[in-house]
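Report on the structure given below.
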Amino acid sequence: MTNKTNHSILPVDFYEQPTLELAKSLLGCLLVKKTADGTASGFIVETEAYMGPLDRAAHSFGNRRTKRTEVMYGMSGLIYTYVMHTHTLVNVVSGGIDNPEAVLIRAVEPYSGLELMQERRGIADIRKWTDGPGKLTKALGITMEDYGQSFTAPPLYLAAGKQPEHISSGPRIGIDNTGEAKDYPWRFWVTGSPYISRTIKKRMMPSPSK
DNA sequence: CCCGCGATTTGCT
DNA sequence: GCAAATCGCGGGC
(Lines give C-alpha, C1' and ligand atoms only; values in the text may rest on other atoms or scores of the structure.)
Protein backbone atom coordinates (compact mmCIF):
# COMPACT_ATOMS: atom_id res chain seq x y z
CA MET A 1 0.00 0.00 0.00
CA THR A 2 2.73 2.41 0.85
CA ASN A 3 4.37 4.03 -2.07
CA LYS A 4 8.02 3.92 -1.19
CA THR A 5 9.23 6.11 -3.96
CA ASN A 6 8.77 9.86 -3.93
CA HIS A 7 7.12 10.84 -7.15
CA SER A 8 6.43 14.51 -6.58
CA ILE A 9 4.64 16.50 -9.27
CA LEU A 10 7.00 18.46 -11.50
CA PRO A 11 6.76 22.26 -11.00
CA VAL A 12 5.74 24.56 -13.83
CA ASP A 13 9.28 25.91 -14.28
CA PHE A 14 10.41 22.41 -15.30
CA TYR A 15 8.70 23.08 -18.62
CA GLU A 16 10.44 26.39 -19.16
CA GLN A 17 13.52 24.96 -20.84
CA PRO A 18 14.27 24.81 -24.56
CA THR A 19 12.06 22.23 -26.26
CA LEU A 20 14.90 19.94 -27.32
CA GLU A 21 16.21 19.98 -23.74
CA LEU A 22 12.72 19.34 -22.41
CA ALA A 23 12.28 16.38 -24.75
CA LYS A 24 15.37 14.80 -23.18
CA SER A 25 14.50 15.84 -19.63
CA LEU A 26 11.10 14.16 -19.94
CA LEU A 27 12.75 10.76 -20.38
CA GLY A 28 12.47 8.90 -17.09
CA CYS A 29 9.66 11.09 -15.77
CA LEU A 30 6.51 9.44 -14.51
CA LEU A 31 3.31 10.00 -16.48
CA VAL A 32 0.28 9.45 -14.25
CA LYS A 33 -3.44 9.32 -15.08
CA LYS A 34 -6.19 9.03 -12.48
CA THR A 35 -9.63 7.86 -13.55
CA ALA A 36 -12.73 6.49 -11.89
CA ASP A 37 -11.40 3.01 -12.58
CA GLY A 38 -8.12 3.68 -10.80
CA THR A 39 -4.67 5.12 -11.37
CA ALA A 40 -2.14 3.99 -13.94
CA SER A 41 1.34 5.32 -14.63
CA GLY A 42 4.54 4.73 -16.55
CA PHE A 43 8.04 6.12 -16.99
CA ILE A 44 8.54 8.00 -20.24
CA VAL A 45 11.08 6.20 -22.44
CA GLU A 46 10.59 7.92 -25.81
CA THR A 47 9.75 11.46 -26.97
CA GLU A 48 9.78 13.59 -30.10
CA ALA A 49 10.21 17.36 -30.38
CA TYR A 50 8.05 19.49 -32.68
CA MET A 51 9.71 22.81 -33.25
CA GLY A 52 6.84 25.12 -34.07
CA PRO A 53 6.38 27.51 -37.00
CA LEU A 54 9.58 26.47 -38.83
CA ASP A 55 9.00 22.73 -38.48
CA ARG A 56 7.08 21.39 -41.43
CA ALA A 57 6.00 18.35 -39.43
CA ALA A 58 4.48 20.39 -36.62
CA HIS A 59 0.78 21.16 -36.55
CA SER A 60 1.78 24.74 -35.80
CA PHE A 61 3.94 25.03 -38.92
CA GLY A 62 3.69 28.54 -40.35
CA ASN A 63 1.97 29.68 -37.16
CA ARG A 64 -1.17 27.82 -38.13
CA ARG A 65 -3.65 28.60 -35.41
CA THR A 66 -6.85 26.59 -35.16
CA LYS A 67 -9.12 25.26 -32.48
CA ARG A 68 -6.96 22.15 -32.39
CA THR A 69 -3.57 23.86 -32.21
CA GLU A 70 -4.71 26.70 -29.96
CA VAL A 71 -3.29 25.15 -26.81
CA MET A 72 0.20 25.10 -28.35
CA TYR A 73 0.20 28.90 -28.13
CA GLY A 74 -0.42 28.76 -24.41
CA MET A 75 2.02 28.32 -21.55
CA SER A 76 4.50 25.47 -21.36
CA GLY A 77 3.31 22.46 -19.41
CA LEU A 78 -0.20 22.34 -20.85
CA ILE A 79 -1.64 19.13 -22.30
CA TYR A 80 -2.12 18.86 -26.06
CA THR A 81 -4.13 15.78 -27.00
CA TYR A 82 -4.88 15.03 -30.59
CA VAL A 83 -6.80 12.30 -32.41
CA MET A 84 -5.11 10.33 -35.17
CA HIS A 85 -7.41 7.87 -36.92
CA THR A 86 -8.78 5.86 -34.00
CA HIS A 87 -6.03 6.83 -31.59
CA THR A 88 -5.37 9.66 -29.15
CA LEU A 89 -1.84 11.09 -28.95
CA VAL A 90 -0.53 13.19 -26.09
CA ASN A 91 1.95 16.09 -26.17
CA VAL A 92 3.56 18.43 -23.68
CA VAL A 93 3.23 22.07 -24.74
CA SER A 94 6.59 23.81 -24.77
CA GLY A 95 8.31 26.97 -26.00
CA GLY A 96 6.34 29.42 -23.88
CA ILE A 97 3.44 31.73 -24.73
CA ASP A 98 2.97 32.35 -28.47
CA ASN A 99 5.83 30.01 -29.35
CA PRO A 100 3.90 26.89 -30.39
CA GLU A 101 6.33 24.03 -29.81
CA ALA A 102 5.55 20.65 -28.26
CA VAL A 103 6.96 17.29 -27.24
CA LEU A 104 5.13 14.12 -28.25
CA ILE A 105 5.23 11.30 -25.73
CA ARG A 106 5.80 8.19 -27.85
CA ALA A 107 6.31 5.41 -25.31
CA VAL A 108 6.35 4.67 -21.58
CA GLU A 109 7.45 1.81 -19.33
CA PRO A 110 4.46 0.51 -17.30
CA TYR A 111 4.91 1.24 -13.58
CA SER A 112 1.67 1.18 -11.61
CA GLY A 113 -1.90 0.16 -12.29
CA LEU A 114 -0.66 -2.83 -14.27
CA GLU A 115 -3.92 -4.78 -14.04
CA LEU A 116 -5.85 -1.78 -15.26
CA MET A 117 -3.51 -1.34 -18.20
CA GLN A 118 -3.72 -4.98 -19.20
CA GLU A 119 -7.50 -4.83 -19.05
CA ARG A 120 -7.57 -1.73 -21.26
CA ARG A 121 -5.13 -3.21 -23.79
CA GLY A 122 -6.54 -6.73 -23.82
CA ILE A 123 -3.26 -8.48 -24.50
CA ALA A 124 -0.86 -10.39 -22.26
CA ASP A 125 2.53 -9.07 -23.38
CA ILE A 126 3.46 -6.11 -21.15
CA ARG A 127 5.91 -4.86 -23.75
CA LYS A 128 3.08 -4.13 -26.13
CA TRP A 129 0.89 -2.16 -23.72
CA THR A 130 2.57 1.21 -24.05
CA ASP A 131 5.21 0.96 -26.81
CA GLY A 132 3.61 3.52 -29.09
CA PRO A 133 1.90 6.92 -28.80
CA GLY A 134 -1.58 5.54 -29.49
CA LYS A 135 -1.08 2.52 -27.27
CA LEU A 136 0.06 4.37 -24.16
CA THR A 137 -2.92 6.71 -24.19
CA LYS A 138 -5.26 3.73 -24.32
CA ALA A 139 -3.39 1.91 -21.55
CA LEU A 140 -3.37 4.96 -19.26
CA GLY A 141 -6.85 6.17 -20.13
CA ILE A 142 -5.78 9.48 -21.67
CA THR A 143 -8.52 11.06 -23.81
CA MET A 144 -9.51 14.33 -25.49
CA GLU A 145 -11.00 15.35 -22.14
CA ASP A 146 -7.44 16.02 -21.00
CA TYR A 147 -6.94 18.61 -23.76
CA GLY A 148 -5.95 22.05 -22.43
CA GLN A 149 -5.41 20.91 -18.84
CA SER A 150 -2.04 21.18 -17.11
CA PHE A 151 0.53 18.46 -16.45
CA THR A 152 1.09 20.03 -13.02
CA ALA A 153 -2.16 18.73 -11.50
CA PRO A 154 -4.35 15.60 -11.53
CA PRO A 155 -6.03 13.83 -13.17
CA LEU A 156 -3.20 13.77 -15.74
CA TYR A 157 0.18 14.88 -14.46
CA LEU A 158 3.93 14.38 -14.65
CA ALA A 159 6.07 13.50 -11.66
CA ALA A 160 9.75 12.96 -10.92
CA GLY A 161 10.83 9.46 -11.89
CA LYS A 162 14.22 7.95 -12.46
CA GLN A 163 17.28 9.15 -14.29
CA PRO A 164 17.90 7.31 -17.59
CA GLU A 165 21.35 5.75 -17.81
CA HIS A 166 21.87 6.75 -21.39
CA ILE A 167 19.87 8.66 -24.01
CA SER A 168 19.86 7.98 -27.75
CA SER A 169 18.55 10.23 -30.51
CA GLY A 170 17.55 9.87 -34.13
CA PRO A 171 15.13 11.01 -36.84
CA ARG A 172 11.46 11.24 -36.02
CA ILE A 173 9.04 8.50 -36.97
CA GLY A 174 6.11 8.77 -39.34
CA ILE A 175 7.28 12.06 -40.82
CA ASP A 176 7.39 11.96 -44.59
CA ASN A 177 7.78 15.59 -45.50
CA THR A 178 10.40 17.20 -47.70
CA GLY A 179 11.31 19.88 -45.19
CA GLU A 180 14.93 20.34 -44.28
CA ALA A 181 14.12 19.18 -40.76
CA LYS A 182 13.05 15.70 -41.72
CA ASP A 183 16.40 14.14 -40.83
CA TYR A 184 17.03 16.14 -37.68
CA PRO A 185 17.58 13.90 -34.63
CA TRP A 186 14.55 15.16 -32.76
CA ARG A 187 13.45 11.77 -31.47
CA PHE A 188 14.88 10.78 -28.10
CA TRP A 189 14.70 7.50 -26.23
CA VAL A 190 16.16 5.64 -23.27
CA THR A 191 18.95 3.51 -24.71
CA GLY A 192 18.16 -0.17 -24.50
CA SER A 193 14.61 0.18 -23.19
CA PRO A 194 12.39 -2.70 -24.36
CA TYR A 195 9.40 -0.36 -24.36
CA ILE A 196 10.28 2.05 -27.16
CA SER A 197 7.93 2.16 -30.14
CA ARG A 198 10.34 0.92 -32.76
CA THR A 199 13.66 -0.80 -32.52
CA ILE A 200 16.52 1.04 -34.10
CA LYS A 201 16.52 0.46 -37.79
CA LYS A 202 19.85 -0.11 -39.40
CA ARG A 203 20.25 2.58 -41.99
CA MET A 204 23.65 1.54 -43.32
CA MET A 205 22.33 -1.58 -44.98
CA PRO A 206 23.90 -2.16 -48.39
CA SER A 207 21.21 -1.79 -50.99
CA PRO A 208 20.29 -5.11 -52.55
CA SER A 209 21.58 -5.56 -56.07
CA LYS A 210 19.05 -4.34 -58.50
C1' DC B 1 10.71 -10.91 -38.22
C1' DC B 2 9.39 -7.69 -41.93
C1' DC B 3 6.25 -5.59 -45.07
C1' DG B 4 1.75 -3.74 -46.73
C1' DC B 5 -2.94 -2.43 -46.08
C1' DG B 6 -7.37 -0.73 -44.10
C1' DA B 7 -9.79 1.52 -40.23
C1' DT B 8 -11.75 6.09 -38.70
C1' DT B 9 -11.67 11.08 -36.52
C1' DT B 10 -10.47 15.71 -37.29
C1' DG B 11 -9.62 19.82 -39.67
C1' DC B 12 -8.14 22.19 -43.82
C1' DT B 13 -8.42 23.03 -49.24
C1' DG C 1 -12.61 15.09 -50.43
C1' DC C 2 -8.15 14.33 -48.72
C1' DA C 3 -4.18 13.47 -45.70
C1' DA C 4 -2.52 12.44 -41.21
C1' DA C 5 2.87 12.81 -35.36
C1' DT C 6 -0.93 5.10 -35.74
C1' DC C 7 -2.25 0.34 -34.87
C1' DG C 8 -3.25 -4.48 -35.66
C1' DC C 9 -3.67 -8.04 -38.76
C1' DG C 10 -2.40 -11.21 -42.40
C1' DG C 11 1.00 -13.19 -45.58
C1' DG C 12 5.70 -14.23 -46.97
C1' DC C 13 10.44 -15.63 -45.73
Side-chain angles (χ1 to χ4, degrees), chain A residues 19-20 22-24 26-27 31 42 44-73 78-95 99-108 110 117-148 151 156 169-189 194-210:
Chain A
T19 297
L20 292 175
L22 180 63
K24 284 180 275 189
L26 284 168
L27 296 175
L31 179 64
I44 297 174
V45 296
E46 182 180 349
T47 61
E48 271 178 8
Y50 286 85
M51 300 301 287
L54 299 179
D55 181 359
R56 199 163 205 93
H59 292 156
S60 55
F61 174 67
N63 272 310
R64 191 164 33 186
R65 192 161 186 158
T66 66
K67 186 180 173 188
R68 180 223 244 166
T69 63
E70 184 62 32
V71 72
M72 294 182 77
Y73 294 80
L78 293 180
I79 298 166
Y80 174 31
T81 48
Y82 152 74
V83 176
M84 167 70 170
H85 293 251
T86 55
H87 310 287
T88 305
L89 279 58
V90 64
N91 303 251
V92 180
V93 173
S94 179
N99 187 25
E101 300 176 350
V103 177
L104 170 67
I105 299 174
R106 286 194 58 89
V108 305
M117 281 195 253
Q118 178 165 34
E119 189 178 326
R120 284 166 171 161
R121 294 288 292 117
I123 52 177
D125 188 353
I126 188 173
R127 292 191 182 201
K128 295 182 178 169
W129 293 353
T130 56
D131 63 338
K135 299 182 195 178
L136 72 91
T137 55
K138 187 175 181 188
L140 296 179
I142 296 171
T143 69
M144 282 305 292
E145 289 183 15
D146 295 303
Y147 180 96
F151 276 112
L156 177 58
S169 64
R172 292 175 293 182
I173 289 184
I175 311 298
D176 185 31
N177 61 72
T178 54
E180 70 269 12
K182 75 171 164 46
D183 291 323
Y184 286 11
W186 288 348
R187 175 193 181 210
F188 304 96
W189 67 93
Y195 299 98
I196 61 173
S197 64
R198 299 207 49 180
T199 43
I200 304 99
K201 234 184 194 167
K202 291 264 160 90
R203 293 135 107 247
M204 314 281 282
M205 281 188 17
S207 48
S209 48
K210 219 166 174 209

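A note on names: the letters A, B, ... follow the listed sequences, proteins ahead of strands, and every chain is numbered from 1. Values below: every heavy atom of this structure, side chains too, minus hydrogens, waters and symmetry copies. Keep in mind the model is a prediction, meaning the values are calculated, not measured.
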Checklist entry - CD of E48(A) to CZ of R106(A): how many Å apart, nearest 0.5 Å? => result 4.5 Å
Checklist entry - Is a side-chain donor or acceptor of T130(A) paired with a backbone partner of V108(A) at a separation under 3.5 angstrom? => result yes
Next on the checklist: Quick check: do F188(A) and E46(A) have side-chain heavy atoms less than 4.5 Å from each other?
Outcome noted: no
Item to check | Footprint string (nucleotides 6-11 of chain B, 5' to 3'): B base within contact, S backbone only, - free, heavy atoms under 4.0 Å | outcome: -BBB-S
Next on the checklist: With a 6.0 Å cut-off (strictly less than), is the heavy-atom count around CZ of R127(A), excluding the residue itself, greater than 12?
Outcome noted: no
Checklist entry - In Å and rounded to the nearest 0.5 Å, what is the CH2 to OG distance from W189(A) to S169(A)? => result 6.5 Å
Next on the checklist: Could you check whether any side-chain N or O of R121(A) sits under 3.5 Å from a backbone N or O of K128(A), counting only pairs where one atom can act as donor and the other as acceptor?
Outcome noted: yes
Next on the checklist: With a 4.0 Å cutoff (strictly under), does any side-chain N or O of R187(A) reach OP1 or OP2 of dA5(C)?
Outcome noted: no
Next on the checklist: Any side-chain to backbone donor/acceptor pair from T88(A) onto T137(A)? Under 3.5 Å, distance only.
Outcome noted: no
Checklist entry - Do the side chain of D55(A) and the main chain of Y50(A) share a donor and acceptor less than 3.5 angstrom apart? => result no
Next on the checklist: Using a 3.5 Å limit for the pairing distances, which stems of at least 3 consecutive Watson-Crick or G-U wobble pairs does DNA chain B take part in?
Outcome noted: B:1-7 with C:6-12, B:9-12 with C:1-4
Next on the checklist: Whether the side chain of R56(A) engages the backbone of F61(A) through a donor-acceptor N/O pair (distance < 3.5 Å, no angle test) should be reported.
Outcome noted: no
Checklist entry - Under 4.5 Å between any side-chain heavy atoms of E70(A) and Y147(A), yes or no? => result yes
Checklist entry - Which ones in residues 127-135 of chain A lie close to DNA chain B, meaning a heavy atom under 4.0 Å from one of its atoms? => result none
Item to check | Distance, rounded to the nearest Å, where I123(A) contributes CD1 and dC7(C) contributes P | outcome: 11 Å
